[in-house]
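Beneath this line is the structure, given in structure tokens, with notes to follow.
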Amino acid sequence: MTESLLEIKDILIEADIEGEWKPIVNSLSMTLKRGEVIGLIGESGAGKSTFGLCALGYTKPGCRIVSGSIKLDGQELVGQPEAELRNIRGNKVAYVAQSAAASFNPAHTLLDQFSEAPIQHGKMVASEASVRGREIFAQLDLPEPDTIGERYPHQVSGGQLQRAMTAMALGSNPDIIIFDEPTTALDVTTQIEVLSAIKEAVKSRNVAAIYITHDLAVVAQMADRIMVLRYGDLVEEGDAREMLANPKQEYTQKLLAVRSLRDNKIIDDAQNTILEIHDVTARYPGTNIDVLSNISIKLEKGKTVAVVGESGSGKSTLARVITGLLPPSKGTVSFRGEVLPASLKEKSRDNLRSIQMIYQMADVAMNPRQRIREIIGRPVEFYLGKTGAENEARVLELMKQIEIPENFIDRFPGQLSGGEKQRICIARALAAEPELIICDEVTSALDQLVAEGILDLLQNLQNELNVSYLFITHDLATVKAIADEIVVMYQGKIVEQGPKAQILEPPYEDYTELLLSSVPEMDPDWLDDLVERRKRGEAPTSETLGQR
Amino acid sequence: MKIIEFIKDLNWSARIGLIIILFFAFCAAFAPWVAPYGESQIVGDVWEPIGGEFLFGTDLIGRDMLSRLIFGARNTIVLALITTACSFSLGALMGFLAATMGGWVDQLLSRIVDIIISVPTLIAALIVVSAVGTSFFVLAAVIGIIYAMPVYRIARAVAMDVEVMDYVEAARLRGEGLWWIMKREILPNAMTPLAAEFGLRFCFVFLLISGLSFLGLGLQPPLADWGAMVRSNSEGIAWGFMHPLIPASCIALLTIGINLLVDSLVHKASGLRDDH
Amino acid sequence: MILKRVGLGLFTLLAISLLITVGVEMLSGDVCTAILGQMASEETVAACHKKLDLDRPMFVRYVEWLFNFLQGDMGNSLANERTVLELISARIGNTLYLAALSSLVAIPLGISLGVVAALYRNTGFDRGISVTTLSTISVPDFFVAYILMALFAVKFQIFPAISNVSSGMGFWERFYVSGLPVLTLTLISIAHMMRMTRASIVNLLASPYIEMAKLKGIKPGRIIVKHALPNAWAPIIQVVILNIAFMVVGVVIIEVVFVYPGLGALMVDSVQLRNMPVVQATAMIFAAAYVLLNLLADVLSIIANPRLRHRR
């Protein structure tokens with residue numbers, strides 16, 4: 001079983017970027033053996049998706065294969081007519097997309113979409129396909145496998161839909177499946193269920209796979225071999241275990257580096273509470289479900305509290321309550337010992353100044369039609385009344401603090417990279433000279449290395465300016481890196497809260513343990529071990545939690 | 001030099017559109033100097049042939065068609081321009097207000113617009129004209145208000161798209177006032193789609209005014225007006241005189257020209273490429 | 001959801017009727033002062049009000065008008081002794097005939113051209129048809145009408161220039177006489193429908209699930225029929241009905257060009273004569289047709305949406 005199934009040689013793919021053809025995959029090669037899983041890893045713009053998709057003989061609109069060869073089982077794909085390629089797609093090579101919700105046709109049932117490829121490729125008749133569909137649904141741990149196929153895509157959850165898409169790819173017994181970031185859009189606890197289902201399905205059938213992701217820890221669980229890509233070039237390629245244990249290139253080493261943990265600060269006895277949320281309950285107007293119930297949090301000056309939870313936990317709503325965008329239905333928010341007005345309109349300018357916010361998507365957090373000068377300069381003028389030369393001097397000073405060159409001052413946000421944009425947002429918050437900054441998922445839209453740079457910067461600024469952070473995130477690695485205290489939220493309630501050491505070390509609270517255990521680790525055996533432990537009942541699962 | 005770059009960026013169809021627009025704008029601006037005869041001067045026999053002594057012949061009472069076309073350009077285009085400007089100021093202001101204030105303001109404005117917009121424009125114009133009669137300002141006001149409704153919808157939709165952006169929330173959290181948010185955060189980002197829309201709406205307004213004039217309910221004689229010129233010379237068609245087709249072609253040419261330009265601008269602004 | 005939409009539609013109709021009657025009255029000013037002049041004494045004006053039934057509050061008269069209207073009593077024409085109902089019923093059939101005949105030709109043709117253009121997008125065929133339809137929709141309706149008249153009535157003399165249909169005509173004669181207005185209306189609405197159909201299909205072809213279908217190796221024909229079309233019904237229904245609505249209203253100018261005795265021509269004549277009862281009644285009919293068709297379009301596209309049809 002060592003014959004090579006797929007051989008890609010020196011493939012060069014170009015994309016039409018504003019009317020010019022530019023290479024996005026630079027003469028990459030790959031050999032995939034039967035039953036082997038290759039992980040393609042890289043940050044955004046690495047060309048990993050484009051490279052993966054070419055195994056189907058497909059390029060996205062606006063891209064083209066310039067040269068090179070793709071041989072599937074000895075058959076050349078480059079230059080084949082569409083009709084030939086159609087025989088391969090969904091038949092010998094199948095594809096699993098990132099967004100299952102958008103990739104399922106809303107007009108047909110899951111089973112119909114499952115059966116389509118096998119029937120159209122003449123592999124099965126409808127009755128065979130539906131029997132097989134139920135089998136595979138059951139194997140992928142979908143609930144009610146006999147009837148779930150009759151549902152429409154919008155009637156099942158995101159994690160289930162992603163598994164249904166994997167089932168669909170397995171439908172016509174392909175030789176190769178291409179997974180394009182299949183778990184990126186999911187919560188950690190859901191991700192793990194999908195990952196283990198995918199791994200089980202792939203291994204038991206001896207299907208070869210190309211697994212595309214930006215997350216090394218995920219790829220460590222799935223892949224036999226790993227290719228690290230950057231800017232369309234190959235950085236490093238090798239056996240998964242070997243590379244993880246012993247990375248050769250500096251870039252790979254950086255990706256693998258474990259983030260330095262923050263020293264546990266000694267909490268002084270002298271209480272210097274800056275923000276106190278007391279027994280807050282909130283719901284959105286026109287609904288009758290509490291998105292937050294009985295939340296109480298205290299935040300000390302110069303400290304960082306991390307609020308962690310999955311989607312739907314209410315952690316972003318908490319930020320809206322503190323800022324006054326959503327007045328709570330019960331409870332109060334106090335700042336420096338004074339109760340803040342509940343709604344935004346009643347807040348004094350000084351209230352507004354002293355609590356600033358940084359957003360997840362720096363792209364949309366800055367007006368694309370304003371220059372950096374105005375973006376940072378406006379709060380300086382608005383809160384501190386500085387105009388003209390004084391204003392500019394302050395803007396330049398802030399730019400220096402966030403390590404952005406002075407000559408960027410007349411640029412528009414569109415002319416900056418993702419990390420630079422987030423730095424400008426930090427400067428805009430600092431410009432108000434606040435005492436508290438709410439950071440709402442500030443690193444989750446960024447590539448790993450860039451994100452680490454931002455966390456470092458925030459840390460340095462805190463040491464320098466003694467500002468407090470309320471850090472809202474779903475990423476436990478970020479929490480470990482930056483928090484003094486941790487608040488764990490689940491479905492609008494606080495599950496657990498306390499100093500970092502207490503939360504992150506045993507004994508664990510059940511949900512916290514589930515969260516912690518679900519974060520993928522670099523150890524390639526991690527997933528298998530975890531699944532084993534969960535089967536034996538030694539680690540909590542979402543089901544055991546649901547039964548509480 | 002921005003203008004030259006702008007023109008260089010245009011594709012061939014947009015350039016043709018631009019040339020057509022500039023040509024008519026020139027005629028409208030310098031009508032008294034460009035036109036060989038006066039607006040209502042009778043210069044020859046009835047329906048003199050096209051291409052003879054008079055380039056486009058004469059009309060049903062012997063006025064020079066070319067001169068009347070040039071003066072007509074001025075009357076019709078200026079009326080349409082003023083009207084469109086009215087409808088845009090009104091519609092955009094209402095739309096921005098609805099989007100930024102939300103709540104009951106949005107509800108109220110939107111419901112009113114829903115109702116007015118569900119009367120077909122020509123019918124609405126006919127009703128008002130029948131009640132108040134026709135004069136330059138009545139026409140501009142009436143059509144301006146009617147067309148402010150679709151502008152409101154577009155401006156509101158565009159502003160809503162901007163309004164949900166975090167930078168608007170950031171401005172609110174900073175404590176900025178309503179006016180500042182509308183002017184500094186929303187307007188600059190709504191400019192491009194609204195500018196394209198202005199071109200399209202101008203066409204609609206222009207066609208509606210021409211239509212009304214054609215029905216005898218627009219600008220009144222002896223003011224020259226393209227729509228009315230079509231109507232008054234229409235009997236000629238049956239006798240084989242193609243005269244009414246000339247002002248009709250002018251209307252058609254100008255709207256096509258604007259459409260060509262706007263189409264390519266919209267395409268470029270949205271970065272659309274439909275080659276999936 | 002559907003009930004809510006229907007309710008909203010009916011409310012809109014009511015609001016429009018109020019807008020039309022009250023608005024017209026307010027804008028026209030006091031009829032009696034206009035008739036009698038500024039110098040008329042208070043008594044004569046009051047007598048005039050009494051005679052024209054203007055002495056009661058506006059709202060009462062509106063409610064009365066509405067009830068009468070719903071029962072078919074639309075008052076009397078000011079121009080002659082006939083009732084408005086009589087005038088309208090003589091004409092409404094002609095207008096419906098025109099709209100129906102044009103729809104019959106335009107809907108299948110417009111949609112299929114749109115689908116074909118979407119399939120062969122960015123080819124010569126698509127560009128050619130795009131430029132043609134863009135030109136058609138951006139020129140005034142009467143321009144298209146006169147070009148057709150110059151061509152088919154004057155140059156080739158296939159159809160009569162004036163479409164003077166009358167009730168005694170047989171089917172073929174009527175068809176022949178109304179040839180040109182039907183042709184004009186058809187041309188214009190084909191252009192509209194073709195563009196909208198093309199746009200909505202091209203829009204749909206960009207969805208990830210269409211890409212997924214391609215990556216499953218599905219044939220292009222099947223992708224259009226099985227994957228695009230079921231999701232395109234809602235926009236296509238909208239296209240069709242909006243165009244019928246457009247036709248019902250768009251006939252006004254075309255009827256005038258061809259002197260076709262329809263509702264639109266009647267309305268224009270009445271506006272010129274300031275014959276308000278007729279204007280109000282015709283406007284109400286046009287607006288009602290427009291609102292009801294839009295309502296129908298919305299309801300049908302709610303029904304056609306798979307997400308709404310199969311609730312969680």
Side-chain angles (χ1 to χ4, degrees), chain B residues 13 111-112 114-133 142 200 203-204 206-208 210-212 214-217 226-227 230-231 234 237-242 244-245 247-260 263 272-276, chain C residues 8-9 11-13 15-16 19-20 23-29 121-122 131 134-135 137-144 146-147 149-150 153-155 161-162 202-203 205-206 210-211 245-246 248-250 252-253 256-257 267-268 270-272 274-276 279-280 282-283 286-287 290-291 294:
Chain B
S13 64
R111 289 295 85 76
I112 293 176
D114 279 349
I115 289 170
I116 300 184
I117 220 169
S118 53
V119 185
T121 46
L122 182 64
I123 303 297
L126 283 177
I127 299 170
V128 183
V129 165
S130 69
V132 228
V142 168
L200 288 182
C203 285
F204 288 141
F206 185 68
L207 286 176
L208 181 64
S210 306
L212 280 177
F214 171 77
L215 295 175
L217 300 165
W226 290 350
V230 179
R231 167 70 159 207
S234 64
I237 286 243
W239 308 103
F241 295 115
M242 292 301 143
L245 290 187
S249 323
C250 287
I251 300 172
L253 201 60
L254 180 57
T255 45
I256 290 176
I258 295 172
N259 267 314
L260 287 177
D263 231 38
L272 277 180
R273 271 202 322 247
D274 44 24
D275 49 4
H276 313 291
Chain C
L8 198 68
F11 172 76
T12 309
L13 271 183
I16 290 175
L19 207 69
I20 289 178
V24 162
E25 186 153 318
M26 270 162 44
L27 288 173
S28 332
R121 59 193 173 283
N122 297 332
V131 171
L134 178 66
S135 313
I137 60 167
S138 52
V139 304
D141 300 348
F142 55 80
F143 181 68
V144 180
Y146 278 123
I147 293 268
M149 191 196 274
V154 180
K155 192 119 201 255
I162 287 177
V202 166
N203 202 1
L205 290 181
I210 298 291
E211 181 173 62
F246 156 80
V248 170
V249 177
V252 173
I253 285 186
V256 171
V257 172
M267 181 171 182
V268 172
S270 310
V271 170
Q272 278 159 345
R274 306 192 91 187
N275 190 345
M276 293 324 286
V279 173
Q280 282 182 17
T282 45
F286 277 126
Y290 194 76
V291 170
N294 273 306

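Because the structure is predicted, anything quoted here is derived from the model rather than measured. Each chain gets a letter, A, B and so on, in the order the sequences are listed, and its residues count up from 1.
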**OP:** Would you indicate whether the side-chain heavy atoms of Ile127(B) and Met267(C) approach each other to under 4.5 Å?
**Re:** yes
Original post:
Just wondering, do Ile115(B) and Phe11(C) contact through their side chains at under 4.5 Å, heavy atoms?
Top reply: yes
Subject >> Side chains of Pro140(C) and Phe206(B) in contact at under 4.5 Å (non-hydrogen atoms) >> reply: no
Original post:
Quick one: of Ile210(C), Val291(C), Thr12(C), Ile253(C), who has the most non-hydrogen atom pairs under 4.5 Å with chain B?
Top reply: Ile253(C)
Original post:
For Thr121(B), is it the side chain, the backbone, both, or neither that has a heavy atom closer than 4.5 Å to a heavy atom of chain C?
Top reply: neither
Original post:
Is there a side-chain contact between Val252(C) and Ile123(B), using heavy atoms and a 4.5 Å cut-off?
Top reply: yes
**OP:** Could you look at Leu207(B) and say if it's the side chain, the backbone, both or neither that has a heavy atom under 4.5 Å from chain C?
**Re:** side chain
**OP:** Measure Ile117(B) against the heavy atoms of chain C and call it side chain, backbone, both or neither at under 4.5 Å.
**Re:** backbone
Original post:
Could you state the interatomic distance from OG (Ser249(B)) to CD1 (Ile147(C)), rounded to the nearest 0.5 Å?
Top reply: 6.0 Å
Original post:
Closest heavy-atom contact between Phe142(C) and Gly227(B)?
Top reply: CZ-CA, 4.4 Å
Original post:
Would you say Val230(B) and Phe143(C) make side-chain contact, with heavy atoms under 4.5 Å?
Top reply: no
**OP:** Please state whether the side chain, the backbone, both or neither of Leu126(B) comes within less than 4.5 Å of a heavy atom of chain C.
**Re:** both
Subject >> Leading residue by heavy atom contact count with chain C [cutoff under 4.5 Å; candidates Val119(B), Leu260(B), Leu245(B)] >> reply: Leu245(B)
Subject >> Beyond-backbone contact of Val256(C) with Leu215(B), side-chain heavy atoms, under 4.5 angstrom >> reply: yes
